[in-house]
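In what follows, a single structure is set out as structure tokens and then discussed.
Residue numbers start at 1 and run along the sequence shown.
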Amino acid sequence: MEIKIIRPILRLLTRHFLSAFILAALLAAPLVILHTLHEKTAFENGLLMEVR
């Protein structure tokens, strides 16, 4: 009896958890890309300064 009640709740939770995880990943991706690009440009600028 209890399992019949728990199962749909678990299904809802997992579905929402997955969608929330995907949303978080989509939101985080551009931030990570921007951060790595910024680090890369900062690193390259540092190298250029050292060469001069």
Side-chain angles (χ1 to χ4, degrees):
M1 182 63 197
E2 284 177 11
I3 294 167
K4 281 186 179 177
I5 298 164
I6 293 164
R7 196 166 283 162
I9 294 166
L10 277 173
R11 196 175 293 139
L12 269 172
L13 280 173
T14 49
R15 192 174 295 153
H16 283 293
F17 178 76
L18 276 171
S19 55
F21 181 75
I22 291 162
L23 257 173
L26 284 172
L27 287 170
L31 289 171
V32 172
I33 291 162
L34 279 171
H35 184 70
T36 47
L37 281 174
H38 180 72
E39 291 281 308
K40 191 167 171 267
T41 47
F43 179 70
E44 281 170 2
N45 285 342
L47 282 177
L48 285 171
M49 292 293 276
E50 280 177 23
V51 170
R52 284 182 200 153

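Glu44 is linked by a salt bridge (charged side-chain N to carboxylate O under 4.0 Å, His left out) to Lys40, counting only residues two or more places apart in sequence or in another chain.
For residues 18-31, the set of pairs meeting the salt bridge (charged side-chain N to carboxylate O under 4.0 Å, His left out) definition, not counting sequence neighbours, is empty.
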Show me the donor-acceptor pairs, under 3.5 Å and distance only, between side chains in residues 19-37 and residues at least two apart or in other chains.
unit_1: Ser19; atom_1: OG; unit_2: Arg15; atom_2: O; d: 3.1
unit_1: Ser19; atom_1: OG; unit_2: His16; atom_2: O; d: 2.9
unit_1: Thr36; atom_1: OG1; unit_2: Val32; atom_2: O; d: 3.0
unit_1: Thr36; atom_1: OG1; unit_2: Ile33; atom_2: O; d: 2.8

